[in-house]
Participant: 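Quick one: the structure is below, questions incoming.
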Amino acid sequence: MSPKTLYDKIWDAHLVHEADDGTCLLYIDRHLVHEVTSPQAFEGLRMAGRSVRAPDKTIAVPDHNVPTTIDRAKGIENEESRIQVEALDTNARETGIHYYPVSDVRQGIVHIIGPEQGWTLPGMTVVCGDSHTATHGAFGALAHGIGTSEVEHVLATQTLIQQKSKNMKVEITGRLSPGVTAKDITLSVIARTGTAGGTGYVIEYCGEAIRALSMEGRMTVCNMAIEGGARAGLIAPDETTYQYVKGRPHAPKGAQWEAALDWWKTLKSDDDAHWDKVVTIKGEDIAPVVTWGTSPEDALPITAEVPDPSSFSGGKVAAVKRALEYMGLKAGTKLRDVPIDTVFIGSCTNGRIEDLRAAAAILEGKRVKDGLRAMVVPGSGLVRAQAEEEGLAQIFIDAGFEWRMAGCSMCLAMNPDQLAPGERCAATSNRNFEGRQGRGGRTHLMSPAMAAAAAVTGRLTDVRELMVEPVI
Amino acid sequence: MEKFEKLTGVAAPLPLINIDTDMIIPKQFLKTIKRSGLGVNLFDEMRYNDDGTENENFVLNKPAYRDAEILVTGDNFGCGSSREHAPWAIKDFGIRCVIAPGFADIFFNNCFKNGILPIALPQEQVDRLMDDAEKGANARMEIDLENQTITMSDGETVAFEVDSFRKHCLLEGLDDIGLTLEKASAIDSFEASASQARPWV
Ligand code: SF4
C-alpha cells in the first residue's frame, strides 16, 4: 500500500462515494451547530420536508449572540439576537439533537465544549458552520468549517460533498523559549506563510515543540489553521490526547475504549508519506508576538517596530498603508510603545483553563492599569467553574478584570461586548480584521500571558519583562 | 438554485487584497434568520459613512457601478469566517460573478451553493480585467460558463477553469442535497459498516 498522511487515512476511512471526476461524498461523524449559521439550514430542511438524519451525531449550543454578563438569565435584550437564540432552541428541541442551552452550566463556545464533553475524538470527521472548527484537529480529527447550505446538507444526509485537499506539513522543531506559547507558534506560522499560504491544503503540525504542547495548546494552534487559509489543521493523537479524552462524558468506555485506542494508535502519517508543501520553523526562533495590522499575517515579535508599507511588495503595499491608517499607527513606532484601552481574554482560541492559568500567573498580585477596561470571558461554563475553584477568578477580579459568563463575546462583538471606534484592544482572539471587535475598533492579537502583561502596563508589552520565574 | 449560464454585465473594480468576510458583511447583519435582504449592507463599513450616508468614493456607490453584476478584486477574497451571509449579500446586491487571483476555501465553496460563479485567474489576467472594469458602465463583460470564457469590452477573450461537477450544478441549477439523497443506499451501507468498525462514534 502506498504511504499515507494522517489526513489521507481519515479521509479514506470516511469515503462514502467517489465519482469519476473526483468529487467525493464524505461521511461526517460529528456535526456541531450554533445559532448564527443554522436557522436558514433548519428552515431549508423544513421547507423541503426533510428531517435530520443523525440527531445523535449533532450537537447544538448558542454562543455567538449570548450576553456574557452575570445577570444574563434575565434574557437577551437585543431582539434579533434573541430571535436567533430562540430559533436554535426550537430547532434543537424539535429535531431531538443534543443541546446545551444558555442556562446549562456546560454551555460555552462550540469549539470548547465539543472537546470538553468528549464529542470530539481522534480520527473523526467534525464539521460546524464556523471557520474555527479547525480547532478540533488538535485531536487528530479532520475538522473544518462549512457554510449554511452545507450545514443543511449535513443535517439531511450526514455527508458532505468534498474535493480532497493537498497535504502540507508544518514542523516546529526543538523547544519553545520561556514566555513563548502555542499562540505565538500559530501566529508565527501565519506570519511566515501568509493568510493564503494554506489555501488548498490540510496542514499537519508536527515536531518536538508541538508534541510538547498540552491539548489546550494544540487546540490553539489548530484553531488558527483557517487564518492561514488551510481547510483544516491536524495533530496526530498521542498519550497527551488519550489522557485528555479518557473519562469525558461522551468518550468511549471499557472494551470500546480499548478498541478505539487500537485504531487511534494507527493514526499518524507514514514516514515516507508525500507532502505537497513543507514548512519548518525552529522552536527557539519563535518570540512572543503581537499583530500590528488588520490581517493575522501582520504579526511581529513584540521587540519589533511597526513596519513601513514600502518594505512590502505587490498588493500588500496598499493593504499595509490602509491597515496602518485604520490602526492609527506610524511606521517605525516600537510595538512596546503602543498604548491600549481594552484587554479581552477569551474566545475559542484562548478561552480554556490553561489560558486563564497563564494570564492569572502574570496578574497575581498586580493591578490593571488605571482607566483600562479588562475582561475575561471563559470559553465554557465548566472552564469558568474550574477557574473559580482554582482561585484564578479571584486573581482576575482582584486585578480589576471583569469576570464574565461563557460565550464568544468580544471576539466578534455580536453581543453587547464591543469596542468603540478608535478604541485599541489587546485580544487573545483570532481575528484583527477591520471592525471585527466593533466598528472602528483596533485589535492586536496575542497570547493570554501577553494580554495580561498589557493589562498591567497599559501598553503592548513583552511578557518576559513581567515573568516571575527566572529565565533558564 | 438559480441557474448560471451566461452573464453580461458591468464589472466593478475593487483592487484590494485579503478582503475578509467581516468587510463583505459585518457581523451585526448576521442576526437575521433569512437568506435575503443583505444586499444593502454588502461591504457596509466601506460603503457607508459613520452617519449612515453613502461614501461616494466607494466603487459600488459610483453611478457607473451601482448595477454591477461582476466584481473584479484582489487575492484571497473572502478570507475569514464561514458565514454564507457573505455570498448571500453579494447575490442579493446583484453580483453573480467574482473574479480574483485567489479565494478563501470556504467562501469559494459557498459561492457555488448560491448560484455565484467565483473565477480564479493569474494576477496578470486579473490586472487586465481590472483595467477593463475601470472603464465604467459602458464596458460590459460577458461571462460564458458553458464555454468557460470571459469576453472583455474590447472583444478580447480570457479562458478560465472550473471544476466539472460544480459547473454542471451551476448550469443546471441543481440542488446538492437532492443529488446526495440519490446516493442514500451508499450512505446506509457506509453507516452499517462504520458502526461495526468504529462502534464508539
Ligand atoms: S470565539 Fe470567536 S472565533 Fe471562536 S467561534 Fe466564537 S466568534 Fe468564532
Side-chain angles (χ1 to χ4, degrees), chain A residues 16-17 19 21 23 25 27 29 36-37 39-40 43 48 50 65 78 80-81 83-84 87 121 123-124 129-131 145-150 152-153 156-159 161 163 195-196 199-200 229 231 252 256-257 259-260 263 295 315-316 318-319 322 412-414 421 431 433-436 439, chain B residues 15-18 20-23 26-28 30-35 44-46 50 74-76 79-88 101-107 109-110 113-114 123 163-166 175-181 183-184 186-187 189-191 194 197-201:
Chain A
V16 174
H17 181 267
D21 65 1
T23 303
L25 202 59
Y27 194 79
D29 293 326
V36 179
T37 54
Q40 295 87 349
E43 204 204 30
R50 292 169 178 148
N65 272 292
N78 179 283
E80 289 172 299
S81 293
I83 291 173
Q84 221 169 39
L121 299 172
M124 282 183 162
D130 191 281
S131 55
I146 54 178
T148 297
S149 296
E150 290 177 315
E152 186 178 336
H153 191 278
T157 69
Q158 205 57 28
T159 64
I161 299 172
Q163 264 99 6
T195 45
T199 305
R231 160 81 44 102
Q256 288 210 354
W257 170 262
W263 186 56
S295 166
K316 191 72 187 168
R322 183 184 168 95
L412 95 163
M414 264 186 92
R431 287 194 176 133
F433 296 160
E434 288 180 22
R436 171 76 177 183
R439 189 179 172 110
Chain B
L16 275 177
I17 62 165
N18 294 337
D20 57 67
T21 48
D22 284 71
M23 285 163 97
K27 70 254 159 178
Q28 60 270 33
L30 309 187
K31 293 183 179 179
T32 173
I33 55 170
K34 299 202 207 82
R35 291 177 204 244
D44 194 82
E45 293 189 7
M46 294 195 275
D50 286 345
D75 199 12
N76 200 26
C79 60
S81 130
S82 65
R83 59 187 71 157
E84 202 159 315
H85 309 71
W88 293 339
F103 293 88
D105 188 41
I106 305 177
F107 175 83
N109 272 329
N110 284 342
K113 315 277 177 197
N114 291 284
Q123 185 71 53
D163 171 75
S164 58
F165 174 73
R166 286 166 161 158
D175 156 28
D176 275 358
I177 299 179
L179 286 175
T180 298
L181 287 173
K183 302 200 183 77
I187 303 174
S189 58
F190 178 92
E191 257 176 359
R198 298 188 297 277
W200 60 85
V201 172

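Order of the sequence lines fixes the chain letters, A, B, ..., with proteins taken first and strands second; residue numbering starts at 1 for each chain. FYI, side chains are in, hydrogens and waters are out, and symmetry mates aren't considered; it's all heavy atoms of this structure. The structure displayed is predicted, hence computed values, not measured ones.
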Participant: Before giving the answer on side-chain contact (heavy atoms from CB on, under 4.5 Å), spell out for A/V36 and A/Q84 the whole-Å C-alpha distance, their side-chain angles and the decisive distance to 0.1 Å.
Facilitator: CA-CA 7 Å; A/V36 179; A/Q84 221 169 39; 3.7 Å; yes

Participant: I'd like to know which of A/R439, A/H17, A/R436 tops the heavy-atom pair count under 4.5 Å against chain B.
Facilitator: A/R439

Participant: Side chains of B/D22 and B/R83: closer than 4.5 Å at any heavy-atom pair?
Facilitator: yes

Participant: To the nearest 0.5 Å, what is the distance between CZ on A/R50 and CD on A/E152?
Facilitator: 7.0 Å

Participant: At a heavy-atom separation under 4.5 Å, does A/I146 approach chain B through its side chain, its backbone, both, or neither?
Facilitator: backbone

Participant: Counting only heavy atoms closer than 4.5 Å, note whether B/P199 contacts chain A via side chain, backbone, both or neither.
Facilitator: both

Participant: Under a 4.5 Å heavy-atom cut-off, does chain B meet the side chain of A/T199, its backbone, both or neither?
Facilitator: side chain

Participant: If I measure from the heavy atoms of chain A, does B/F103 come under 4.5 Å with its side chain, its backbone, both, or neither?
Facilitator: backbone

Participant: Answer with side chain, backbone, both or neither: which region of B/I17 has an atom nearer than 4.5 Å to a non-hydrogen atom of chain A?
Facilitator: side chain

Participant: Of all of B/D44, B/D50, B/D75, B/L179, which one pairs up most often with chain A through heavy atoms under 4.5 Å apart?
Facilitator: B/D50

Participant: Could you check which of A/Q163, A/M414, A/K316 has the highest count of heavy-atom pairs closer than 4.5 Å to chain B?
Facilitator: A/M414

Participant: Flag the pair B/N109 / A/R231 as yes when at least one side-chain heavy-atom distance between them is below 4.5 Å, and no otherwise.
Facilitator: yes

Participant: Name the member of A/E43, A/Q158, A/E434, A/E150 that forms the most heavy-atom pairs with chain B at distances under 4.5 Å.
Facilitator: A/E150

Participant: Is A/S81 close to chain B through its backbone or its side chain, or both, or neither, when contacts mean heavy atoms under 4.5 Å?
Facilitator: both

Participant: Is there a side-chain contact between B/L30 and B/S81 (heavy atoms, below 4.5 Å)?
Facilitator: no

Participant: I want to check something: taking the side chain as every heavy atom from C-beta on, are B/I187 and A/L25 in contact at a cut-off of under 4.5 Å?
Facilitator: yes

Participant: Roughly how far apart are B/T180 OG1 and A/I161 CD1, rounded to 0.5 Å?
Facilitator: 3.5 Å

Participant: B/R198 versus chain A, heavy atoms under 4.5 Å apart: side chain, backbone, both or neither?
Facilitator: side chain

Participant: Is any side-chain heavy atom of B/K183 closer than 4.5 Å to one of A/T159?
Facilitator: no

Participant: Heavy-atom distances under 4.5 Å only: say whether A/T157 touches chain B with side chain, backbone, both or neither.
Facilitator: both

Participant: As an exercise, state the distance from OG1 of A/T148 to NE2 of A/H153, rounded to the nearest 0.5 Å.
Facilitator: 14.0 Å

Participant: Between B/N18 and chain A, which part of the residue has a heavy atom less than 4.5 Å away: side chain, backbone, both or neither?
Facilitator: side chain

Participant: Side chain, backbone, both or neither: which part of A/M124 has a heavy atom under 4.5 Å from chain B?
Facilitator: side chain

Participant: Does any non-hydrogen side-chain atom of B/F107 lie less than 4.5 Å from one of B/P87?
Facilitator: yes

Participant: Considering non-hydrogen atoms only, spot the tightest contact between B/Q123 and B/P101 and give its length.
Facilitator: OE1-CG, 3.3 Å

Participant: Where does B/A186 contact chain A at under 4.5 Å (heavy atoms): side chain, backbone, both or neither?
Facilitator: both

Participant: Quick check on A/A19 against chain B: is it the side chain, the backbone, both or neither that has a heavy atom closer than 4.5 Å?
Facilitator: neither

Participant: Let me know if B/L16 has heavy atoms under 4.5 Å from chain A in its side chain, its backbone, both or neither.
Facilitator: side chain

Participant: Using a 4.5 angstrom heavy-atom cutoff, name the option from A/G123, A/A87, A/A259, A/A48 with the most pairs to chain B.
Facilitator: A/A259

Participant: With distance as the sole criterion, is a donor-acceptor pair present between the side chains of A/R431 and B/T21 under 3.5 Å?
Facilitator: no

Participant: So what's closer than 4.5 Å to chain A heavy atoms on B/N114: side chain, backbone, both or neither?
Facilitator: side chain

Participant: Any idea which of A/A196, A/G200, A/S295 has the most non-hydrogen atom pairs under 4.5 angstrom with chain B?
Facilitator: A/A196

Participant: Identify which part of B/T32 has an atom lying under 4.5 Å from any heavy atom of chain A, answering side chain, backbone, both or neither.
Facilitator: both

Participant: Does B/K31 use its side chain to pair, donor to acceptor, with the backbone of A/I83 at less than 3.5 Å?
Facilitator: no

Participant: What part of B/K34 lies closer than 4.5 angstrom to a heavy atom of chain A: side chain, backbone, both or neither?
Facilitator: backbone

Participant: Do you know which of A/P39, A/S149, A/G315 has the most heavy-atom pairs under 4.5 Å to chain B?
Facilitator: A/S149

Participant: To the closest 0.5 Å, what do you measure between CG (B/D20) and CE (B/M23)?
Facilitator: 6.0 Å

Participant: Closest approach of B/S82 and A/S131, non-hydrogen atoms and distance?
Facilitator: OG-N, 3.5 Å

Participant: Could you look at B/I33 and say if it's the side chain, the backbone, both or neither that has a heavy atom under 4.5 Å from chain A?
Facilitator: both

Participant: By a 4.5 Å heavy-atom criterion (distance strictly below it), what part of A/T195 contacts chain B: side chain, backbone, both, or neither?
Facilitator: both

